[in-house]
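Step one of this worksheet: look at the structure below.
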Amino acid sequence: MTLRDSLPSATAQAASPMVVSEGVHKRFGALEVLKGVTLSVNAGEVMCLVGPSGSGKSTFLRCINHLEQISAGRLYVDGELVGYRQRGDRLFEMHPKDAARQRRQIGMVFQRFNLFPHMTALENIVAAPVKDQGRRREAAIEQGRDLLKQVGLSDKADAYPAQLSGGQQQRVAIARALAMEPKLMLFDEPTSALDPELVGEVLDVMRALADKGMTMIVVTHEMGFAREVADSLVFMDDGVVVEAGNPREVLANPTHARTRAFLSKVL
Amino acid sequence: MSSRAPNDVGSLPIDAVPLRHPGRTASALVIVALLGLFLYGAATNSAYEWSTYAAYLLDERISRAAVITLMLTVLAMVIGVVLGVLLAVMRLSPNRVLRSVSWGFVWFFRGTPVYVQLVFWGLITTIYRTVDLGVPFGPQFLHISTSSFAENFFWLAVIGLGLNESAYMAEIVRAGISSVDEGQYEAATALGMSWREATTLVVLPQAMRVIIPPTGNELISMLKTTSLVTAIPYTQDLYSRARDLAVETFNPVPMLLVASTWYLFFTSILMVGQFYLERHFGRGASRAASSKQLKTLAAAQLRDDKAVR
(Lines give C-alpha, C1' and ligand atoms only; values in the text may rest on other atoms or scores of the structure.)
Protein backbone atom coordinates (compact mmCIF):
# COMPACT_ATOMS: atom_id res chain seq x y z
CA MET A 1 0.00 0.00 0.00
CA THR A 2 1.44 3.38 -0.93
CA LEU A 3 1.19 6.40 1.27
CA ARG A 4 -1.19 7.96 -1.15
CA ASP A 5 -3.77 5.24 -0.64
CA SER A 6 -3.71 5.81 3.07
CA LEU A 7 -4.67 9.47 2.73
CA PRO A 8 -8.01 10.57 4.08
CA SER A 9 -8.83 11.95 0.61
CA ALA A 10 -9.37 8.37 -0.54
CA THR A 11 -12.35 8.20 1.76
CA ALA A 12 -14.04 10.97 -0.23
CA GLN A 13 -15.35 13.28 2.43
CA ALA A 14 -16.73 16.78 2.14
CA ALA A 15 -13.61 18.14 3.82
CA SER A 16 -10.83 16.87 1.58
CA PRO A 17 -7.26 17.72 2.54
CA MET A 18 -5.48 20.31 0.42
CA VAL A 19 -2.13 20.02 2.13
CA VAL A 20 -0.86 16.92 3.90
CA SER A 21 2.53 16.91 5.56
CA GLU A 22 3.88 13.66 6.98
CA GLY A 23 7.07 13.75 9.01
CA VAL A 24 8.67 16.46 6.90
CA HIS A 25 12.34 17.08 7.64
CA LYS A 26 14.54 19.77 6.17
CA ARG A 27 18.29 19.96 6.61
CA PHE A 28 20.66 22.68 5.47
CA GLY A 29 23.94 20.79 5.65
CA ALA A 30 24.35 19.74 9.28
CA LEU A 31 21.62 22.09 10.48
CA GLU A 32 18.20 20.49 10.83
CA VAL A 33 15.50 23.14 10.57
CA LEU A 34 12.43 20.91 10.30
CA LYS A 35 12.44 17.79 12.48
CA GLY A 36 9.35 15.96 11.39
CA VAL A 37 6.34 18.18 10.74
CA THR A 38 3.03 16.38 10.47
CA LEU A 39 -0.17 18.29 9.83
CA SER A 40 -2.95 18.66 7.29
CA VAL A 41 -5.08 21.50 6.00
CA ASN A 42 -8.47 20.85 4.48
CA ALA A 43 -9.72 22.60 1.36
CA GLY A 44 -11.34 25.92 2.21
CA GLU A 45 -9.63 26.14 5.59
CA VAL A 46 -7.37 28.84 6.95
CA MET A 47 -4.44 27.70 9.05
CA CYS A 48 -2.29 30.12 11.00
CA LEU A 49 1.25 29.07 11.76
CA VAL A 50 2.83 30.81 14.74
CA GLY A 51 6.03 30.41 16.70
CA PRO A 52 9.27 32.10 17.65
CA SER A 53 11.64 33.18 14.88
CA GLY A 54 13.89 30.34 13.78
CA SER A 55 11.23 27.76 14.60
CA GLY A 56 10.98 26.66 10.94
CA LYS A 57 7.60 28.20 10.01
CA SER A 58 8.87 30.01 6.94
CA THR A 59 11.01 27.08 5.85
CA PHE A 60 7.98 24.80 6.08
CA LEU A 61 5.95 27.24 3.98
CA ARG A 62 8.70 27.36 1.38
CA CYS A 63 8.78 23.56 1.25
CA ILE A 64 5.09 23.45 0.36
CA ASN A 65 5.71 25.12 -3.02
CA HIS A 66 9.08 23.48 -3.41
CA LEU A 67 11.20 26.60 -3.09
CA GLU A 68 13.07 24.32 -0.70
CA GLN A 69 13.49 20.61 -1.30
CA ILE A 70 12.52 18.49 1.72
CA SER A 71 15.07 16.04 3.14
CA ALA A 72 12.72 13.40 4.53
CA GLY A 73 9.01 12.70 4.90
CA ARG A 74 6.24 13.31 2.38
CA LEU A 75 4.41 16.45 1.37
CA TYR A 76 1.24 16.44 -0.71
CA VAL A 77 -0.74 19.29 -2.21
CA ASP A 78 -4.19 18.35 -3.47
CA GLY A 79 -3.21 14.68 -3.37
CA GLU A 80 -0.09 15.19 -5.46
CA LEU A 81 3.43 14.62 -4.15
CA VAL A 82 5.38 17.91 -4.06
CA GLY A 83 8.66 18.03 -6.00
CA TYR A 84 8.92 14.30 -6.64
CA ARG A 85 7.34 11.66 -8.75
CA GLN A 86 6.77 8.26 -7.24
CA ARG A 87 7.21 5.09 -9.26
CA GLY A 88 6.91 1.96 -7.13
CA ASP A 89 8.98 2.53 -4.00
CA ARG A 90 11.38 4.97 -5.66
CA LEU A 91 11.11 8.74 -5.69
CA PHE A 92 12.35 10.60 -8.74
CA GLU A 93 13.31 14.28 -8.68
CA MET A 94 10.81 16.28 -10.65
CA HIS A 95 11.76 18.06 -13.86
CA PRO A 96 11.81 21.87 -13.29
CA LYS A 97 8.99 22.20 -15.81
CA ASP A 98 6.69 19.99 -13.72
CA ALA A 99 7.73 21.72 -10.52
CA ALA A 100 6.78 25.04 -12.13
CA ARG A 101 3.39 23.58 -13.11
CA GLN A 102 2.82 22.57 -9.48
CA ARG A 103 3.81 26.01 -8.21
CA ARG A 104 1.27 27.69 -10.48
CA GLN A 105 -1.48 26.13 -8.35
CA ILE A 106 0.02 27.65 -5.22
CA GLY A 107 0.12 31.40 -4.64
CA MET A 108 2.79 32.81 -2.38
CA VAL A 109 2.98 36.19 -0.63
CA PHE A 110 6.31 37.25 0.83
CA GLN A 111 7.21 39.31 3.88
CA ARG A 112 9.09 41.79 1.71
CA PHE A 113 6.50 41.82 -1.10
CA ASN A 114 9.08 41.04 -3.84
CA LEU A 115 7.13 42.92 -6.47
CA PHE A 116 9.04 43.36 -9.73
CA PRO A 117 10.23 46.99 -9.46
CA HIS A 118 10.61 47.53 -13.21
CA MET A 119 6.96 46.72 -13.89
CA THR A 120 3.83 48.68 -13.01
CA ALA A 121 1.30 47.18 -10.59
CA LEU A 122 -0.79 45.86 -13.49
CA GLU A 123 2.25 44.49 -15.36
CA ASN A 124 3.30 42.67 -12.18
CA ILE A 125 -0.06 40.91 -12.11
CA VAL A 126 -0.24 40.14 -15.82
CA ALA A 127 3.35 38.94 -16.42
CA ALA A 128 3.09 35.36 -15.19
CA PRO A 129 -0.39 34.47 -16.55
CA VAL A 130 0.57 35.66 -20.03
CA LYS A 131 4.00 33.96 -20.05
CA ASP A 132 3.28 30.71 -18.22
CA GLN A 133 -0.30 29.99 -18.99
CA GLY A 134 -0.30 31.44 -22.47
CA ARG A 135 -3.41 33.45 -21.71
CA ARG A 136 -4.35 36.21 -24.11
CA ARG A 137 -2.91 39.53 -23.01
CA GLU A 138 -6.21 41.40 -23.20
CA ALA A 139 -7.98 38.79 -21.07
CA ALA A 140 -5.15 38.83 -18.53
CA ILE A 141 -5.24 42.63 -18.33
CA GLU A 142 -8.99 42.59 -17.79
CA GLN A 143 -8.57 40.03 -15.01
CA GLY A 144 -5.68 42.07 -13.58
CA ARG A 145 -7.81 45.21 -13.35
CA ASP A 146 -10.54 43.21 -11.71
CA LEU A 147 -8.08 41.87 -9.11
CA LEU A 148 -6.73 45.37 -8.42
CA LYS A 149 -10.31 46.45 -7.79
CA GLN A 150 -10.79 43.57 -5.36
CA VAL A 151 -7.77 44.68 -3.33
CA GLY A 152 -8.94 48.31 -3.51
CA LEU A 153 -6.26 49.65 -5.84
CA SER A 154 -8.08 50.34 -9.12
CA ASP A 155 -6.39 53.73 -9.40
CA LYS A 156 -2.86 52.35 -8.96
CA ALA A 157 -2.69 50.14 -12.06
CA ASP A 158 0.04 52.25 -13.69
CA ALA A 159 2.04 53.03 -10.55
CA TYR A 160 5.45 51.45 -10.06
CA PRO A 161 6.04 49.58 -6.76
CA ALA A 162 8.43 52.29 -5.50
CA GLN A 163 5.54 54.78 -5.68
CA LEU A 164 3.26 52.64 -3.49
CA SER A 165 3.15 52.34 0.28
CA GLY A 166 4.08 49.03 1.88
CA GLY A 167 0.44 48.10 2.40
CA GLN A 168 -0.42 48.89 -1.20
CA GLN A 169 2.58 46.89 -2.43
CA GLN A 170 1.52 43.88 -0.39
CA ARG A 171 -2.03 44.11 -1.74
CA VAL A 172 -0.64 44.17 -5.30
CA ALA A 173 1.48 41.14 -4.38
CA ILE A 174 -1.66 39.32 -3.23
CA ALA A 175 -3.45 40.24 -6.47
CA ARG A 176 -0.42 38.98 -8.42
CA ALA A 177 -0.56 35.62 -6.66
CA LEU A 178 -4.33 35.37 -7.22
CA ALA A 179 -3.92 36.01 -10.95
CA MET A 180 -2.62 32.45 -11.32
CA GLU A 181 -5.97 31.26 -9.93
CA PRO A 182 -4.30 29.11 -7.26
CA LYS A 183 -5.98 26.42 -5.15
CA LEU A 184 -3.87 27.35 -2.17
CA MET A 185 -2.38 30.59 -0.88
CA LEU A 186 0.73 30.75 1.31
CA PHE A 187 1.45 33.93 3.30
CA ASP A 188 4.92 34.32 4.80
CA GLU A 189 4.59 36.99 7.51
CA PRO A 190 2.67 39.26 5.12
CA THR A 191 2.34 42.15 7.56
CA SER A 192 5.67 41.99 9.40
CA ALA A 193 7.39 44.56 7.18
CA LEU A 194 4.51 47.05 7.37
CA ASP A 195 3.97 50.20 9.41
CA PRO A 196 1.35 49.48 12.09
CA GLU A 197 -1.35 51.64 10.48
CA LEU A 198 -1.00 49.73 7.19
CA VAL A 199 -1.39 46.23 8.67
CA GLY A 200 -5.19 46.46 8.75
CA GLU A 201 -5.67 47.04 5.02
CA VAL A 202 -3.68 43.90 4.17
CA LEU A 203 -5.47 41.78 6.80
CA ASP A 204 -8.82 42.99 5.42
CA VAL A 205 -7.93 41.71 1.97
CA MET A 206 -6.84 38.38 3.46
CA ARG A 207 -10.04 38.13 5.48
CA ALA A 208 -12.13 38.72 2.35
CA LEU A 209 -10.16 36.00 0.61
CA ALA A 210 -10.80 33.58 3.49
CA ASP A 211 -14.52 34.40 3.36
CA LYS A 212 -14.55 33.39 -0.30
CA GLY A 213 -13.34 29.94 0.71
CA MET A 214 -9.68 30.13 -0.32
CA THR A 215 -7.43 27.58 1.37
CA MET A 216 -4.74 29.56 3.16
CA ILE A 217 -1.68 28.89 5.30
CA VAL A 218 -0.56 32.04 7.06
CA VAL A 219 2.67 32.46 8.98
CA THR A 220 1.91 35.44 11.19
CA HIS A 221 2.31 37.21 14.50
CA GLU A 222 -1.17 38.76 14.22
CA MET A 223 -2.95 36.77 16.94
CA GLY A 224 -6.15 38.80 16.47
CA PHE A 225 -6.32 37.70 12.85
CA ALA A 226 -5.61 34.11 13.88
CA ARG A 227 -8.37 34.18 16.47
CA GLU A 228 -11.02 35.67 14.18
CA VAL A 229 -10.23 34.18 10.78
CA ALA A 230 -8.28 30.93 11.21
CA ASP A 231 -9.92 27.52 11.42
CA SER A 232 -6.85 26.09 13.05
CA LEU A 233 -3.78 27.38 14.79
CA VAL A 234 -0.46 25.55 14.78
CA PHE A 235 2.31 26.48 17.18
CA MET A 236 5.75 25.47 15.97
CA ASP A 237 9.01 25.56 17.87
CA ASP A 238 12.43 24.17 17.11
CA GLY A 239 11.30 22.47 13.89
CA VAL A 240 8.32 20.54 15.25
CA VAL A 241 4.61 21.13 15.78
CA VAL A 242 4.21 21.67 19.52
CA GLU A 243 0.50 22.29 19.65
CA ALA A 244 -2.36 22.55 17.19
CA GLY A 245 -6.06 23.12 17.45
CA ASN A 246 -8.90 25.60 17.42
CA PRO A 247 -7.32 29.07 17.56
CA ARG A 248 -9.59 30.34 20.35
CA GLU A 249 -8.84 27.34 22.54
CA VAL A 250 -5.10 27.34 21.89
CA LEU A 251 -4.83 31.06 22.51
CA ALA A 252 -6.99 30.94 25.64
CA ASN A 253 -5.71 27.69 27.16
CA PRO A 254 -2.35 26.64 25.76
CA THR A 255 -1.51 23.18 27.05
CA HIS A 256 2.26 23.26 26.50
CA ALA A 257 4.68 25.33 28.53
CA ARG A 258 6.51 26.45 25.37
CA THR A 259 3.26 27.70 23.83
CA ARG A 260 2.40 29.55 27.02
CA ALA A 261 5.87 31.15 27.16
CA PHE A 262 5.60 32.29 23.53
CA LEU A 263 2.04 33.61 23.81
CA SER A 264 2.84 35.55 26.96
CA LYS A 265 5.40 37.48 24.93
CA VAL A 266 3.25 38.29 21.89
CA LEU A 267 -0.21 38.75 23.31
CA MET B 1 1.01 82.36 23.03
CA SER B 2 1.76 83.07 19.38
CA SER B 3 2.59 86.68 18.57
CA ARG B 4 1.53 86.43 14.89
CA ALA B 5 -1.72 85.50 13.35
CA PRO B 6 -1.47 82.29 11.29
CA ASN B 7 -2.28 84.13 8.07
CA ASP B 8 0.34 86.82 8.73
CA VAL B 9 3.39 85.17 7.07
CA GLY B 10 2.58 81.52 6.95
CA SER B 11 1.01 81.30 3.52
CA LEU B 12 3.13 83.93 1.72
CA PRO B 13 5.84 82.56 -0.61
CA ILE B 14 9.34 83.29 0.78
CA ASP B 15 11.12 86.18 -0.93
CA ALA B 16 14.64 86.25 0.56
CA VAL B 17 17.83 88.00 -0.63
CA PRO B 18 20.02 85.31 -2.23
CA LEU B 19 23.45 84.66 -0.71
CA ARG B 20 26.35 86.07 -2.83
CA HIS B 21 29.22 83.79 -3.87
CA PRO B 22 32.13 86.07 -4.86
CA GLY B 23 34.63 83.16 -4.93
CA ARG B 24 32.55 81.27 -7.45
CA THR B 25 32.19 84.26 -9.74
CA ALA B 26 35.92 85.05 -9.66
CA SER B 27 37.03 81.47 -10.38
CA ALA B 28 34.54 81.20 -13.25
CA LEU B 29 35.90 84.41 -14.80
CA VAL B 30 39.51 83.18 -14.55
CA ILE B 31 38.68 79.86 -16.20
CA VAL B 32 36.70 81.48 -19.02
CA ALA B 33 39.60 83.87 -19.67
CA LEU B 34 42.15 81.02 -19.80
CA LEU B 35 39.91 79.02 -22.12
CA GLY B 36 39.54 82.04 -24.42
CA LEU B 37 43.32 82.49 -24.55
CA PHE B 38 43.81 78.80 -25.40
CA LEU B 39 41.23 78.91 -28.20
CA TYR B 40 42.77 82.08 -29.62
CA GLY B 41 46.22 80.45 -29.51
CA ALA B 42 44.94 77.32 -31.23
CA ALA B 43 43.24 79.31 -33.96
CA THR B 44 46.33 81.39 -34.73
CA ASN B 45 49.05 78.73 -34.25
CA SER B 46 50.28 77.75 -37.73
CA ALA B 47 51.36 74.25 -36.52
CA TYR B 48 47.71 73.21 -36.44
CA GLU B 49 47.32 73.91 -40.19
CA TRP B 50 43.58 74.35 -40.02
CA SER B 51 43.34 74.56 -43.81
CA THR B 52 44.80 71.03 -44.10
CA TYR B 53 42.44 69.92 -41.36
CA ALA B 54 39.47 71.26 -43.30
CA ALA B 55 40.67 69.69 -46.54
CA TYR B 56 41.05 66.20 -45.05
CA LEU B 57 38.21 66.10 -42.51
CA LEU B 58 35.72 64.74 -45.05
CA ASP B 59 38.30 63.07 -47.29
CA GLU B 60 36.89 59.81 -48.62
CA ARG B 61 39.91 57.83 -47.41
CA ILE B 62 39.30 59.13 -43.88
CA SER B 63 35.53 58.59 -43.84
CA ARG B 64 35.99 55.06 -45.19
CA ALA B 65 38.54 54.35 -42.44
CA ALA B 66 36.08 55.81 -39.90
CA VAL B 67 33.43 53.34 -41.06
CA ILE B 68 35.93 50.48 -40.72
CA THR B 69 36.78 51.61 -37.19
CA LEU B 70 33.07 51.65 -36.39
CA MET B 71 32.67 48.14 -37.80
CA LEU B 72 35.63 46.89 -35.77
CA THR B 73 34.08 48.45 -32.67
CA VAL B 74 30.60 47.03 -33.19
CA LEU B 75 31.71 43.52 -34.19
CA ALA B 76 34.25 43.23 -31.38
CA MET B 77 31.66 44.51 -28.93
CA VAL B 78 29.06 41.97 -30.13
CA ILE B 79 31.55 39.17 -29.49
CA GLY B 80 32.45 40.77 -26.17
CA VAL B 81 28.84 41.03 -24.97
CA VAL B 82 27.66 37.59 -26.15
CA LEU B 83 30.73 35.81 -24.81
CA GLY B 84 30.68 37.99 -21.69
CA VAL B 85 27.09 36.99 -20.84
CA LEU B 86 27.99 33.35 -21.44
CA LEU B 87 31.04 33.64 -19.18
CA ALA B 88 28.98 35.37 -16.47
CA VAL B 89 26.31 32.66 -16.53
CA MET B 90 29.05 30.01 -16.44
CA ARG B 91 30.62 31.79 -13.48
CA LEU B 92 27.30 31.71 -11.58
CA SER B 93 26.50 28.12 -12.54
CA PRO B 94 26.45 25.32 -9.94
CA ASN B 95 28.81 23.35 -12.20
CA ARG B 96 32.33 23.65 -10.75
CA VAL B 97 34.10 22.96 -14.06
CA LEU B 98 32.21 25.72 -15.87
CA ARG B 99 32.90 28.10 -12.99
CA SER B 100 36.64 27.42 -13.06
CA VAL B 101 36.95 27.69 -16.84
CA SER B 102 35.15 31.04 -16.76
CA TRP B 103 37.38 32.27 -13.95
CA GLY B 104 40.53 31.17 -15.80
CA PHE B 105 39.45 32.83 -19.04
CA VAL B 106 38.81 36.15 -17.33
CA TRP B 107 42.04 35.84 -15.35
CA PHE B 108 44.09 35.40 -18.53
CA PHE B 109 42.45 37.91 -20.87
CA ARG B 110 42.13 40.63 -18.26
CA GLY B 111 45.61 40.04 -16.95
CA THR B 112 47.56 40.52 -20.20
CA PRO B 113 47.79 43.75 -22.24
CA VAL B 114 45.43 43.95 -25.19
CA TYR B 115 48.36 45.15 -27.34
CA VAL B 116 50.26 41.94 -26.60
CA GLN B 117 47.15 39.88 -27.31
CA LEU B 118 46.72 41.58 -30.69
CA VAL B 119 50.35 40.87 -31.66
CA PHE B 120 49.69 37.28 -30.66
CA TRP B 121 46.57 37.07 -32.86
CA GLY B 122 48.62 38.43 -35.75
CA LEU B 123 50.99 35.48 -35.31
CA ILE B 124 48.32 32.84 -34.70
CA THR B 125 48.45 31.48 -38.23
CA THR B 126 52.16 30.82 -37.92
CA ILE B 127 51.67 29.13 -34.53
CA TYR B 128 48.79 26.95 -35.68
CA ARG B 129 49.25 26.03 -39.33
CA THR B 130 46.37 23.57 -39.37
CA VAL B 131 43.35 22.97 -37.17
CA ASP B 132 42.41 19.29 -36.87
CA LEU B 133 39.46 17.92 -35.02
CA GLY B 134 39.15 14.20 -34.51
CA VAL B 135 39.84 11.21 -32.29
CA PRO B 136 43.57 10.79 -31.56
CA PHE B 137 44.90 7.92 -33.74
CA GLY B 138 41.34 7.63 -35.04
CA PRO B 139 39.15 9.29 -37.67
CA GLN B 140 39.41 13.01 -38.51
CA PHE B 141 36.28 15.14 -38.67
CA LEU B 142 37.73 18.52 -39.53
CA HIS B 143 40.88 19.70 -41.20
CA ILE B 144 41.47 23.41 -41.85
CA SER B 145 44.61 25.04 -43.09
CA THR B 146 44.98 28.42 -41.41
CA SER B 147 46.95 29.90 -44.30
CA SER B 148 43.65 31.04 -45.82
CA PHE B 149 43.10 33.28 -42.79
CA ALA B 150 46.65 34.62 -42.73
CA GLU B 151 45.79 37.68 -44.81
CA ASN B 152 42.48 38.39 -43.11
CA PHE B 153 43.76 40.80 -40.50
CA PHE B 154 40.34 42.46 -40.10
CA TRP B 155 38.77 39.35 -38.58
CA LEU B 156 41.84 38.61 -36.51
CA ALA B 157 41.48 42.14 -35.12
CA VAL B 158 37.79 41.59 -34.38
CA ILE B 159 38.49 38.29 -32.61
CA GLY B 160 41.42 39.72 -30.67
CA LEU B 161 39.50 42.77 -29.47
CA GLY B 162 36.32 40.75 -28.84
CA LEU B 163 37.92 38.07 -26.67
CA ASN B 164 39.73 40.68 -24.59
CA GLU B 165 36.47 42.62 -24.18
CA SER B 166 34.48 39.54 -23.17
CA ALA B 167 36.61 39.21 -20.04
CA TYR B 168 35.60 42.69 -18.91
CA MET B 169 31.96 42.24 -19.96
CA ALA B 170 31.77 38.98 -18.00
CA GLU B 171 32.59 40.84 -14.80
CA ILE B 172 30.13 43.64 -15.60
CA VAL B 173 27.28 41.22 -16.32
CA ARG B 174 28.08 39.13 -13.25
CA ALA B 175 28.00 42.22 -11.05
CA GLY B 176 24.67 43.21 -12.61
CA ILE B 177 23.03 39.84 -12.02
CA SER B 178 24.37 39.64 -8.46
CA SER B 179 22.95 43.09 -7.72
CA VAL B 180 19.36 41.87 -8.18
CA ASP B 181 17.68 40.88 -4.92
CA GLU B 182 17.38 37.11 -4.47
CA GLY B 183 13.70 37.57 -3.60
CA GLN B 184 13.02 38.63 -7.18
CA TYR B 185 14.09 35.28 -8.59
CA GLU B 186 12.18 33.55 -5.79
CA ALA B 187 8.97 35.48 -6.46
CA ALA B 188 9.22 34.68 -10.18
CA THR B 189 9.77 31.00 -9.37
CA ALA B 190 6.84 30.97 -6.97
CA LEU B 191 4.68 32.31 -9.82
CA GLY B 192 5.62 29.22 -11.82
CA MET B 193 8.14 30.87 -14.12
CA SER B 194 10.95 28.72 -15.48
CA TRP B 195 14.60 29.67 -14.94
CA ARG B 196 14.68 31.17 -18.42
CA GLU B 197 11.53 33.23 -17.93
CA ALA B 198 12.64 34.43 -14.52
CA THR B 199 16.02 35.41 -15.92
CA THR B 200 14.81 37.18 -19.04
CA LEU B 201 11.63 38.78 -17.64
CA VAL B 202 12.63 39.60 -14.09
CA VAL B 203 16.35 39.38 -13.33
CA LEU B 204 18.07 40.69 -16.48
CA PRO B 205 15.87 43.78 -16.97
CA GLN B 206 16.79 44.82 -13.43
CA ALA B 207 20.43 43.86 -13.90
CA MET B 208 20.49 46.06 -17.02
CA ARG B 209 20.30 49.17 -14.86
CA VAL B 210 23.64 48.18 -13.36
CA ILE B 211 25.08 46.71 -16.57
CA ILE B 212 24.43 49.51 -19.06
CA PRO B 213 26.49 52.44 -17.72
CA PRO B 214 29.78 50.48 -17.55
CA THR B 215 28.96 48.81 -20.88
CA GLY B 216 28.63 52.25 -22.44
CA ASN B 217 32.06 53.02 -21.05
CA GLU B 218 33.38 49.80 -22.56
CA LEU B 219 31.89 50.63 -25.96
CA ILE B 220 33.49 54.08 -26.00
CA SER B 221 36.73 52.59 -24.75
CA MET B 222 36.57 49.96 -27.51
CA LEU B 223 36.13 52.65 -30.17
CA LYS B 224 39.49 54.05 -29.14
CA THR B 225 41.19 50.72 -28.47
CA THR B 226 40.68 49.86 -32.16
CA SER B 227 43.60 52.20 -32.82
CA LEU B 228 45.83 49.43 -31.42
CA VAL B 229 45.01 46.98 -34.24
CA THR B 230 48.14 48.23 -35.93
CA ALA B 231 49.81 45.60 -33.71
CA ILE B 232 48.25 42.80 -35.76
CA PRO B 233 49.22 44.55 -38.16
CA TYR B 234 45.93 45.86 -39.55
CA THR B 235 46.16 49.32 -41.15
CA GLN B 236 42.73 50.24 -42.55
CA ASP B 237 41.32 51.78 -39.37
CA LEU B 238 40.92 55.48 -38.66
CA TYR B 239 44.14 56.09 -36.74
CA SER B 240 46.35 54.08 -39.13
CA ARG B 241 44.90 55.82 -42.18
CA ALA B 242 45.32 59.25 -40.59
CA ARG B 243 48.97 58.44 -39.93
CA ASP B 244 49.46 57.25 -43.52
CA LEU B 245 47.98 60.49 -44.85
CA ALA B 246 50.23 62.50 -42.55
CA VAL B 247 53.15 61.26 -44.70
CA GLU B 248 51.39 62.89 -47.66
CA THR B 249 50.87 66.24 -45.88
CA PHE B 250 54.28 66.32 -44.12
CA ASN B 251 52.52 67.35 -40.89
CA PRO B 252 51.00 64.81 -38.48
CA VAL B 253 49.22 67.40 -36.35
CA PRO B 254 46.20 68.24 -38.58
CA MET B 255 45.68 64.54 -39.31
CA LEU B 256 45.62 63.76 -35.60
CA LEU B 257 42.98 66.46 -35.24
CA VAL B 258 40.98 64.93 -38.09
CA ALA B 259 41.08 61.49 -36.47
CA SER B 260 40.19 62.94 -33.04
CA THR B 261 37.21 64.75 -34.54
CA TRP B 262 35.83 61.51 -35.93
CA TYR B 263 36.41 59.65 -32.66
CA LEU B 264 34.64 62.45 -30.78
CA PHE B 265 31.77 62.41 -33.27
CA PHE B 266 31.14 58.68 -32.76
CA THR B 267 31.57 58.95 -28.99
CA SER B 268 28.95 61.71 -28.85
CA ILE B 269 26.44 59.59 -30.77
CA LEU B 270 27.09 56.65 -28.44
CA MET B 271 26.52 58.87 -25.40
CA VAL B 272 23.10 59.91 -26.70
CA GLY B 273 22.17 56.26 -27.22
CA GLN B 274 23.34 55.42 -23.71
CA PHE B 275 21.17 58.18 -22.23
CA TYR B 276 18.01 56.71 -23.76
CA LEU B 277 18.94 53.13 -22.82
CA GLU B 278 19.53 54.16 -19.21
CA ARG B 279 16.23 55.96 -19.09
CA HIS B 280 14.41 52.92 -20.50
CA PHE B 281 15.89 50.46 -18.00
CA GLY B 282 15.69 52.91 -15.10
CA ARG B 283 11.89 52.91 -15.09
CA GLY B 284 10.37 52.17 -11.71
CA ALA B 285 13.72 52.79 -10.01
CA SER B 286 12.78 56.14 -8.54
CA ARG B 287 10.06 57.03 -6.07
CA ALA B 288 9.79 60.40 -7.78
CA ALA B 289 6.64 60.66 -9.86
CA SER B 290 6.98 61.44 -13.56
CA SER B 291 5.91 64.90 -14.75
CA LYS B 292 2.71 63.34 -16.09
CA GLN B 293 1.94 61.70 -12.73
CA LEU B 294 2.72 64.97 -10.88
CA LYS B 295 0.25 66.81 -13.10
CA THR B 296 -2.47 64.28 -12.32
CA LEU B 297 -1.78 64.55 -8.58
CA ALA B 298 -1.81 68.37 -8.70
CA ALA B 299 -5.12 68.34 -10.55
CA ALA B 300 -6.58 66.00 -7.91
CA GLN B 301 -5.33 68.28 -5.11
CA LEU B 302 -6.93 71.30 -6.78
CA ARG B 303 -10.24 69.43 -7.03
CA ASP B 304 -10.09 68.49 -3.34
CA ASP B 305 -9.30 72.10 -2.35
CA LYS B 306 -12.30 73.35 -4.28
CA ALA B 307 -14.51 70.70 -2.74
CA VAL B 308 -13.43 71.81 0.77
CA ARG B 309 -14.29 75.41 0.00
Side-chain angles (χ1 to χ4, degrees), chain A residues 58 61-62 64-68 95-121 123-133 155-156 158-165 172-173 176-182 184-186 188 193, chain B residues 89 93-95 176-213 276-301 303-304:
Chain A
S58 291
L61 211 61
R62 294 159 58 80
I64 296 176
N65 71 348
H66 204 47
L67 283 178
E68 304 287 355
H95 190 276
K97 228 184 238 173
D98 296 316
R101 182 186 52 75
Q102 278 190 338
R103 287 197 191 97
R104 268 168 234 156
Q105 308 175 354
I106 304 169
M108 180 134 182
V109 175
F110 299 87
Q111 182 177 357
R112 288 174 50 236
F113 328 136
N114 293 350
L115 288 179
F116 307 137
H118 59 302
M119 300 182 189
T120 63
E123 285 166 354
N124 261 283
I125 297 171
V126 169
V130 171
K131 281 289 159 181
D132 299 337
Q133 301 182 323
D155 54 336
K156 298 291 184 191
D158 297 323
Y160 285 100
Q163 298 167 340
L164 299 174
S165 74
V172 172
R176 176 175 73 174
L178 290 175
M180 306 300 288
E181 290 168 359
L184 168 69
M185 285 285 285
L186 308 175
D188 189 4
Chain B
V89 172
S93 125
N95 187 327
I177 292 176
S178 309
S179 76
V180 178
D181 181 26
E182 221 180 0
Q184 291 291 308
Y185 181 76
E186 220 157 62
T189 307
L191 284 168
M193 290 191 194
S194 65
W195 178 85
R196 251 189 64 170
E197 283 169 342
T199 304
T200 55
L201 278 175
V202 176
V203 177
L204 275 183
Q206 294 180 60
M208 285 309 231
R209 231 163 52 75
V210 176
I211 292 173
I212 282 177
Y276 284 104
L277 269 180
E278 279 180 24
R279 200 171 64 170
H280 175 76
F281 285 106
R283 64 197 194 280
S286 168
R287 287 198 64 133
S290 68
S291 56
K292 194 179 144 195
Q293 286 170 319
L294 276 178
K295 243 181 252 172
T296 320
L297 286 174
Q301 196 177 41
R303 262 202 313 277
D304 291 348

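Labels below follow one simple rule: chain letters A, B, ... track the order of the sequence lines, proteins then strands, and each chain is numbered from 1.
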Answer key: most heavy-atom pairs under 4.5 Å with chain B among A/His118, A/Arg101, A/Met108, A/Arg104 is A/His118
List the residues meeting side chain to side chain contact (heavy atoms under 4.5 Å, CB included) with B/Thr200, not counting sequence neighbours, and say none if there are none.
none
Largest heavy-atom contact set with chain B, pairs under 4.5 Å, which of A/Lys97, A/His66, A/Arg176:
A/Arg176
Test side chain to side chain donor-acceptor pair (under 3.5 Å) applied to A/Arg112 - qualifying residues, sequence neighbours left out
none
So which bits of residues 188-198 of chain B come within less than 4.5 Å of chain A, counting non-hydrogen atoms only?
B/Ala188, B/Thr189, B/Ala190, B/Leu191, B/Gly192, B/Met193, B/Glu197
Side-chain heavy-atom pair B/Pro205, A/Met119 within 4.5 angstrom cut-off:
no
If you take all heavy atoms of B/Ala187 and A/Phe116, which pair is closest and at what distance?
CB-CE2, 4.1 Å
Taken in chain and number order and not counting sequence neighbours, the residues that satisfy side chain to side chain contact (heavy atoms under 4.5 Å, CB included) with A/Glu68 are A/Lys26, A/Phe28, A/Arg62, A/Cys63
Go through A/Leu115, A/Val109, A/Asn65 and name the one with the most non-hydrogen pairs under 4.5 angstrom from chain B.
A/Leu115
Tell me, for A/Pro96 versus chain B, whether the close heavy atoms (under 4.5 Å) come from the side chain, the backbone, both or neither.
neither
Sort out for me which of A/Leu67, A/Ile106, A/Asn114, A/Thr120 touches chain B most, counting heavy-atom pairs under 4.5 Å.
A/Asn114
